[in-house]
Every structure is written in C-alpha cells, then in structure tokens.
Protein chains: 2
Amino acid sequence: MSSIIYTYVNNNCHYRSIAVLDKRIEAAVRRGVGVFGKKLPVPQKLDDAIQYSVFPGGARIRPTILLSVAVACGDDNPSLANASAAALEMIHCASLVHDDLPCFDNAETRRGKPSVHNKYGEPTAVLVGDSLIANAFGVIARAADKDAVRAAKLIALLSKYTGFPKGICAGQAWEAEISVDLSAYHQTKTGALFIAATQMGAASAGHDPEPWFELGARIGEAFQVADDLLDVLCSEDETGKPSGQDVTNQRPNAVSEYGISGAKQKLRDILGGAISSIPSCPGEAKLAEIVKLQSNRLLPKEHMKPVA
Amino acid sequence: MSSIIYTYVNNNCHYRSIAVLDKRIEAAVRRGVGVFGKKLPVPQKLDDAIQYSVFPGGARIRPTILLSVAVACGDDNPSLANASAAALEMIHCASLVHDDLPCFDNAETRRGKPSVHNKYGEPTAVLVGDSLIANAFGVIARAADKDAVRAAKLIALLSKYTGFPKGICAGQAWEAEISVDLSAYHQTKTGALFIAATQMGAASAGHDPEPWFELGARIGEAFQVADDLLDVLCSEDETGKPSGQDVTNQRPNAVSEYGISGAKQKLRDILGGAISSIPSCPGEAKLAEIVKLQSNRLLPKEHMKPVA
C-alpha cells in the first residue's frame, strides 16, 4: 500500500484489515520474485530490474481486492490465496513495464521514478515483463500442494485475463486497431485484472468465481474513469507518471466524453453499482466496507465526495 | 514438421511414429491459440499476428521430443501431454518473436518470411509474445481435469524453464551482461526448453521428471552446436533466418571455439551422450531410435555423418 494511502489510516477496523492484507501481499510478492534465491549464477541486470519493477509497489490494489474477496469467502487456503495475489501483482507490474516501452507509451517515468526501459534499457525491460508473466504462473503452481484442482482453476483464470482474447494483452492491442469495440477495449485493457482479482479471490477460497465477475468489471470501470480524471486533474508529481497521456496518445477518455463533473458522477454511480453487486458470502458486509474505503481513495480527497 | 524434414520420410516405423506425433502437435497447437473461437470482438491485428507467428511452424522439435518422451513413459494422459506440447511450442514461438525485436536481434526474417515486428509492427510483436506466454499456461490448466496434481507440476516446470532465473528469459538476459557465465548462458538460452521438453514429457505421463534433465540438457547442447554450425555453413535461404548473426552480435559460438570439424565432432559426442543418458522406461529403445533420427537431421546430410 503506498505511503499516500497510509496517511489516511485511522483506527477503523477495516483499515487494520487492509494493513494485514498488505503484509500478506508484500511477503507473497517478495517470495514470488525471489523464490530461487541467489545461489546460482544469475544475469544480475535482469535480477535487479525485476526487483526494481516490483518494489516499492504502487497501491497493490488488485491483490488487495483479491485477498479481500478471499477473506470474505472464508479464506480456507491462505497460502494459495497469497500466491494468487502475488501472481496477479506480478502480471500487473509486467504490464506496466511493457506498456511504458518506447513502442507503446514511451513513458520516461513510472511511480515517480525512471521507467524500467529508461533505467535498464529496452532489452532488459522486455525480459522483465516476460519473466514476470512466466514466473507468475509458477508461483500459483508451486502453491498447489493442498488443492491442485483449485490451483489449476486459478491459473486458467489468470491466463484468461492476461492473454488473448480476453486479457490485458488484447486490451493493449485494441489501441492498434482502426475500428475499436469500446466495450471490449475497456473490459480487457483495465477491467481484466480487476475481474481476475475478484474471481481469483473467490476461487482461491473454493467459491464459484462466476458470480464475482460483475464486481470486478465494475471496479475496473471505476478505476478507468478515475484514471481518466487523474490524467486531467493531477500533475505528474501527484500520479508518478506523465500527465495528459490519453490526449497525447489519442485514447478514448471518460472526461472528454462526459466532462469533469459528469465523469465524477459516473464514477460514484459505478461504485454504488459495484457495492450492490457483491455476491452473497460470509464476509459480505465487511467486503462492502472495504470496497467503499478503496473507492474513496481513487481520487484525491478534494476531488471525491465519499461513496455512501 | 517442416517440409525439408518430410523429404527424408521413408517407411521406417520411427518416421511413422513421428508423423503421428506431428498430427497431435499441430492439432494441439491449433486448439491452444484458437481456443476461444471468433465469437467475441477481438483485436484483429493481434489475432492475425498470433496465427502468423505459430503457423506454419518450424520443425516443432521441442513438442516432438516432449511427446516422444511421454510415449516412452506410457502416455497414460494423452490430452495433458498434448496440451503440454502445445504450451511448450507456444513459449518457443513467443521467444522467437521477442528475440527478433529491434532491441535484440533486429531480424527482418524468420522461417523464410518477414519477422512478426517487420510485418505487423513492434507493438503487436511485443503483444504476440506476451499473449503466447500467458495463454500457454492456460492451455495446460484447462487440460487439468483428469489429474490436476500433474498439471500443476507441468505448469511449474514450464514456468521455471521460461522465466527467471533458470528459463529462456534469463538466457537472453545473459547477452546484456558484461561478465557471462557461459555454462548458465547456454543452459538457459538454448537448453531450458529442451530440458522442459524431456521433463514435461515424463511428468505428463506421471513419471518423475528429475532423471530426464540430462537428456534435455544434452539435446539442448547439441542443438546449440548445430545452430552455431548452421550459422556459418548455411545460407539464409536454407535456414530461413539471417546468416552470421552470432558474429554480427558478438555471441559465443562453438565454431569460433573449436573450428568447423571440431564442432562437428563435439556435436556427435554430445548426441552419443544424450542417447546413453535416456532413463529406464517402457519405451527406452524406441526413444533412443527417435533421438538418433532427430539428431541426424540437425545438419544438412552433406555436413553430418549419421549418429550410430
């Protein structure tokens, strides 16, 4: 969880719950990218660049959602849930590294520091993304001992929402099309890893992932609108990445479609819908509180009326 | 199997066995990259580029080895073996697409046609590789129904030999290091996917993969030496890719180390060692014949004395 978000921490039990999840996530991601240790000779530059791309993390919002859903569903196999959270975050980090490449966004900075290709060169940046994608699936597979059927389901979900045609790879590819299916574009580009988060959270605790699609899709949609607003409202210093990228790269944007106040209203509507879509589960009420809490952090306080 | 290799086909039963494997491989790869069908809107350029990168294939040597080992071990779960073979080939194709990128080899051609980035542009080529890596793991996960424990083991192996620090990503990364561990470089760059082939073949049939490391490592080593020889001996027309790449890119090469006849002798020695390393299994003798057969195809007839 980023330091910006920690400044909001108070004594509310939901904040404490998230702090507990944070520890699980960081430990799991650390195991995920350092699992083989340093005993054998490794190409040092790639090793350094992998660590650089994953630590310190951003908001770790996807694995936080995954673990929140797992907890709401009973969390009866925490090591598999942790592995799933780490794997999902590794895929997300891979996507940031590849999206920043010169042939895509050509972003010089990310999370307030030089982008991976800017610091380590383009070949290493390509390999960081490839390694993180490949290793992510191994992280789940190696946590399969107690329930391999569940692990296989989790791997199938992560593969689906990473690759083609329903994953973030397809999402990025829509930007190279002349005729874009906007719904498919948004659901794959931003929605896919949030859908993965809710569905994998449920599946890691042995629940049917299907009813959790809606929550993930809505959080993804909210995140996209918030990101569009941030792109316009905030400076590079505040977001840690270059502003105005959507205009520069001529990408569809909720602000250009609805205006600033229209986009803010849309964000609140989507979040309300997200919360009411939460499937029946043991920890339903607490999960609703966590989603509200996370929602209220999507934009800086001055731009966001709290979601009721 | 490429048409060049088909010209050698005769009535020998081992050739027929390989032709049977070829059919299994092509069908499995076709399912692997086309599994979701064309019902939903997909980014067409990426879809086309994925198909282009996988069909028509090269020699499909890694999945052929995988299935040959699976058959030698009893092949009691052919759908899982097929899925593993397809997944391994998808990873191999991904590695070719990314290795050809301008920031690595900047290769204009591959398998006798324009490289993927040359035909579809660099962004699409990056996404083809990413999609193939991500989808490969889903192919195995979706074949887990009969034996999820085995599927998880197969995914762990494929992840290990694709990613970091023991996979082909690490292998490629050694080329960006100032001080190179040559043994680690060769084993990861070329060896990794052959070790994956033999170990996954055994694991797909429920055998312990560990004793199959040696065979994969030796075939990988032979393949590397043969590739080094081809790079010097053959024209671009014969290999389907630019000649003299190792000299151009200042990569370590067996021919510069041992000379042409020394490298040929080394190739024969390694192949002899590979055959004698085959672990005890029901189809040991037949597998030895298949490895010999494949070995004799590593170089054009005029450059290769048959392995006894």
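Chain letters run A, B, ... following the sequence lines, proteins first and then strands; every chain starts at 1.
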Top residue by heavy-atom pair count (under 4.5 Å) with chain B, among A176(A), A173(A), G138(A)?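 So the answer, after comparing A176(A), A173(A), G138(A), is A173(A).
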Residue selection (most heavy-atom pairs with chain B, distance under 4.5 Å) from P123(A), A184(A), A94(A):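 The option with the most such pairs is P123(A).
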With a 4.5 angstrom heavy-atom cut-off, is it the side chain or the backbone of [X] that approaches chain B, or both, or neither?
X	value
I50(A)	side chain
V126(A)	side chain
A170(A)	both

Tell me the side chain to side chain donor-acceptor pair (under 3.5 Å) pairs involving residues 120-131 of chain A, sequence neighbours left out?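 Listed once each, the pairs are D130(A)-H98(B).
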Spacing of [X] atom [atom1] and [Y] atom [atom2] [to the nearest 0.5 Å]:
X	Y	atom1	atom2	value
W174(A)	Q44(B)	CH2	CD	8.5 Å
I133(A)	C169(B)	CD1	SG	8.5 Å
I155(A)	I155(B)	CD1	CD1	4.0 Å
L46(B)	E177(A)	CG	CD	8.5 Å

Step by step, would you call V42(B) with F164(A) a side-chain contact (heavy atoms from CB on, under 4.5 Å)? CA-CA 8 Å; V42(B) 298; F164(A) 183 88; 3.9 Å; yes
Which residues satisfy the ring pair (Phe, Tyr, Trp, His ring centres under 6.0 Å) test with F137(A), sequence neighbours excluded?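 For F137(A), the residues satisfying ring pair (Phe, Tyr, Trp, His ring centres under 6.0 Å) (neighbours in sequence not counted) are F137(B).
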Could you check which of C103(B), P102(B), G171(B) has the highest count of heavy-atom pairs closer than 4.5 Å to chain A?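 That would be C103(B).
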Is it the side chain or the backbone of I140(B) that comes within 4.5 Å of chain A heavy atoms, both, or neither?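 Contact with chain A: none, neither part.
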Taking all atoms of both residues into account, what is the closest heavy-atom pair of R142(B) and A156(A), and its distance?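 In this case the closest contact between R142(B) and A156(A) is CG-CB, 4.3 Å.
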Looking only at heavy atoms, what is the nearest atom pair of A152(B) and A141(A), with distance?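 Here A152(B) and A141(A) meet closest at O-CB, 3.4 Å.
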